[in-house]
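Following: one structure in structure tokens, then a few remarks.
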Amino acid sequence: MLDAQSVKKIALDCGADLVGIAPVERFAEVPGNENPTEIKPDTKSIVVMGFRILRGALQGIENGTNWGTYSGADPTGFSNYLPEVTYNVCRRLENEGFETVPLVRCSYDLRDKGVPVSPDRPAPDVIIDMEYAALAAGLGELGDGKLFLTPQFGPRQVFSAVLTDLELEPDPVFPGGLCDHCGACAEACPACALDRNNLVEAAYPAGTMKHWRLRVESCRICPTGTWPRPYSLGLEPNRTGAACGRACCRHLEGKK
Ligand code: SF4
Ligand code: SF4
């Protein structure tokens with residue numbers, strides 16, 4: 001019988017850098033268009049995996065010449081590593097008799113684009129909030145700069161998730177304290193896109209996610225190293241490689 005320890009070992013052996021487990025109860029009251037149970041109604045656990053963005057890969061962006069090195073950790077990039085590892089974890093769990101659904105981070109503006117199958121169901125595609133899934137799985141916290149932070153890599157990772165009908169011992173929610181409100185992310189932004197006087201809060205079952213208001217329209221054209229989300233229509237790009245994300249990275253590394 002698989003338990004939480006053995007599932008985590010499978011994920012790490014397959015190639016994930018981080019793994020945490022959230023019980024489905026931490027998604028109660030989450031809206032239907034981002035709720036795992038609308039994708040797989042018998043979901044009991046959400047296994048969330050983190051994949052580091054190579055530290056050296058940020059160098060190409062710092063030099064302003066090679067964005068491609070960064071995209072390697074992203075499903076849109078030249079590497080299929082993250083989807084492959086996620087798929088292989090699913091295969092291992094299904095070999096043991098459990099059902100799984102692999103999910104990668106998609107642009108949230110792709111929600112509600114399809115036609116609902118019935119009036120009581122959300123429109124496809126239902127897309128889970130991957131940052132909240134990582135929070136619910138105890139992997140870290142959302143920083144003021146709207147960058148998800150982990151103790152291991154700061155803002156320097158991407159996440160995938162596996163929905164499964166396997167009941168697993170959940171991880172405790174992360175206690176917080178990684179973001180020290182230093183403001184380095186906001187100060188590094190040439191467009192003043194982070195409004196430090198305006199805190200946006202969203203309450204979830206596993207805790208409140210807070211961040212400074214982000215003027216996304218600036219990020220869409222930011223020349224400092226943003227990267228489109230997978231299949232994005234352009235709402236909010238991946239900012240880890242941009243000046244804000246790199247400043248946070250340097251700040252947190254300096255504290256170690
Ligand atoms: S992506 Fe660019 S514009 Fe947006 S917060 Fe980061 S540095 Fe500023
Ligand atoms: S740079 Fe500082 S304020 Fe911004 S997210 Fe990182 S730790 Fe928080």
Contact check, side chains of L82 and V104, non-hydrogen atoms, under 4.5 Å = yes
By the rule that ILVMFWY residues connect when side-chain heavy atoms come within less than 4.5 angstrom, directly or transitively, which residues belong alongside L149?
-> L147, F174, L178, L252
Can you find a heavy atom in the side chain of R26 that is under 4.5 Å from one in the side chain of P170?
-> yes
Shared ILVMFWY cluster between V89 and M1, side chains joined below 4.5 angstrom?
-> yes
So, E94 versus T100: side-chain donor-acceptor pair below 3.5 Å or not?
-> yes
Could you tell me which residues satisfy salt bridge (Lys or Arg N to Asp or Glu O under 4.0 Å) with E253, sequence neighbours excluded, listed by chain and number?
-> R55
At their closest point, which heavy atom of C219 faces which heavy atom of P237, and how far apart are they?
-> O-CG, 3.5 Å
For A133 against V48, the heavy-atom pair lying closest together | O-CG2, 3.5 Å
Side-chain heavy-atom pair K8, D171 within 4.5 angstrom cut-off | yes
Locate the shortest heavy-atom distance separating L58 from I53; write the atom from each residue and the value.
-> CD2-CG2, 4.3 Å
Please list, chain by chain and in numerical order, all residues satisfying salt bridge (Lys or Arg N to Asp or Glu O under 4.0 Å) with K210, sequence neighbours excluded.
-> none
Any side-chain heavy-atom pair of L18 and Q152 under 4.5 Å | yes
Within one Ile-Leu-Val-Met-Phe-Trp-Tyr cluster: I46 and Y87, side-chain cutoff 4.5 Å | no
side-chain contact (heavy atoms from CB on, under 4.5 Å) with D42: which residues, sequence neighbours excluded?
-> K40, D165
Residues that R213 engages under salt bridge (Lys or Arg N to Asp or Glu O under 4.0 Å), provided they are two or more places apart = none
From W212 CH2 over to L194 CG, what is the distance, rounded to the nearest 0.5 angstrom?
-> 7.0 Å
Using distance alone, with no hydrogens and no angle criterion, decide if S45 and E167 have a side-chain donor and acceptor under 3.5 Å apart.
-> no
Apply the test side-chain contact (heavy atoms from CB on, under 4.5 Å) to residues L166 and V7: give CA-CA distance (whole Å), side-chain angles for both, the deciding distance (0.1 Å), then the verdict.
-> CA-CA 10 Å; L166 171 60; V7 168; 3.9 Å; yes
For the student: nearest non-hydrogen atoms of A136 and A206, plus distance = CA-CB, 4.1 Å
How many angstroms lie between atom SG of C179 and atom NE2 of H211, to the nearest 0.5 angstrom?
-> 12.0 Å
Any pair counted as salt bridge (charged side-chain N to carboxylate O under 4.0 Å, His left out), so long as it reaches residues 179-192, sequence neighbours left out | D180-K255, E187-R196
Exam field: side chain T86 to backbone S160, donor-acceptor pair closer than 3.5 Å = no
Taking side-chain contact (heavy atoms from CB on, under 4.5 Å) as the test, write out the residues that go with P205, two or more places apart.
-> V30, Y132
Yes or no on side-chain contact (heavy atoms from CB on, under 4.5 Å) for V19 and L12, after CA distance, side-chain angles and deciding distance?
-> CA-CA 7 Å; V19 57; L12 296 173; 4.1 Å; yes
Test item: L139 and F159 side chains (from C-beta on) under 4.5 Å apart, heavy atoms | yes
Residues passing the side-chain contact (heavy atoms from CB on, under 4.5 Å) test with D125, sequence neighbours excluded, are I127
Salt bridge (charged side-chain N to carboxylate O under 4.0 Å, His left out): pairs with one or both residues in residues 143-163, sequence neighbours excluded = K146-E236
Residues pairing under salt bridge (charged side-chain N to carboxylate O under 4.0 Å, His left out) where one sits in residues 129-140, two or more places apart or in two chains, turn out to be R105-E131
What distance do R239 atom CZ and C222 atom SG have between them, rounded to the nearest 0.5 Å?
-> 9.0 Å
Can you find a pair of side-chain heavy atoms, one from N35 and one from I128, that are under 4.5 Å apart?
-> no
Quick one: does T224's side chain have a donor or acceptor within less than 3.5 Å of a partner on A243's backbone?
-> yes
How far apart are the closest heavy atoms of G177 and E141, and which atoms are they?
-> N-OE1, 2.9 Å
Hey, mind stepping through T150 and Q157 against side-chain hydrogen bond (donor to acceptor under 3.5 Å, both in side chains) and telling me if it holds?
-> CA-CA 8 Å; T150 65; Q157 65 262 297; 2.5 Å; yes
Report the distance from atom OH of Y204 to atom CG of L142, rounding to the nearest 0.5 Å.
-> 9.5 Å
What's the shortest heavy-atom distance between F148 and G140, and which atoms?
-> CZ-C, 3.3 Å
Same hydrophobic cluster for V24 and V173, using side-chain heavy-atom links shorter than 4.5 Å among ILVMFWY?
-> no
Judged by modelled atom types alone, do N88 and R91 share a side-chain donor-acceptor pair under 3.5 Å?
-> yes
Exceeds 12 heavy-atom contacts within 6.0 angstrom, atom CD of E29 | no
Heavy atoms, side chains only, cut-off 4.5 Å: are D195 and R215 in contact?
-> yes
Straight-line distance of L163 CG to T37 OG1, nearest 0.5 Å = 9.5 Å
Could you state the interatomic distance from CG (L2) to CD1 (I10), rounded to the nearest 0.5 Å?
-> 5.0 Å
R121: side-chain hydrogen bond (donor to acceptor under 3.5 Å, both in side chains) partners, not counting sequence neighbours | E38
For E169, the side-chain contact (heavy atoms from CB on, under 4.5 Å) test, sequence neighbours excluded, returns A4
In the single-linkage hydrophobic clustering (I, L, V, M, F, W, Y; side-chain heavy atoms under 4.5 Å), do L199 and L214 co-cluster?
-> yes
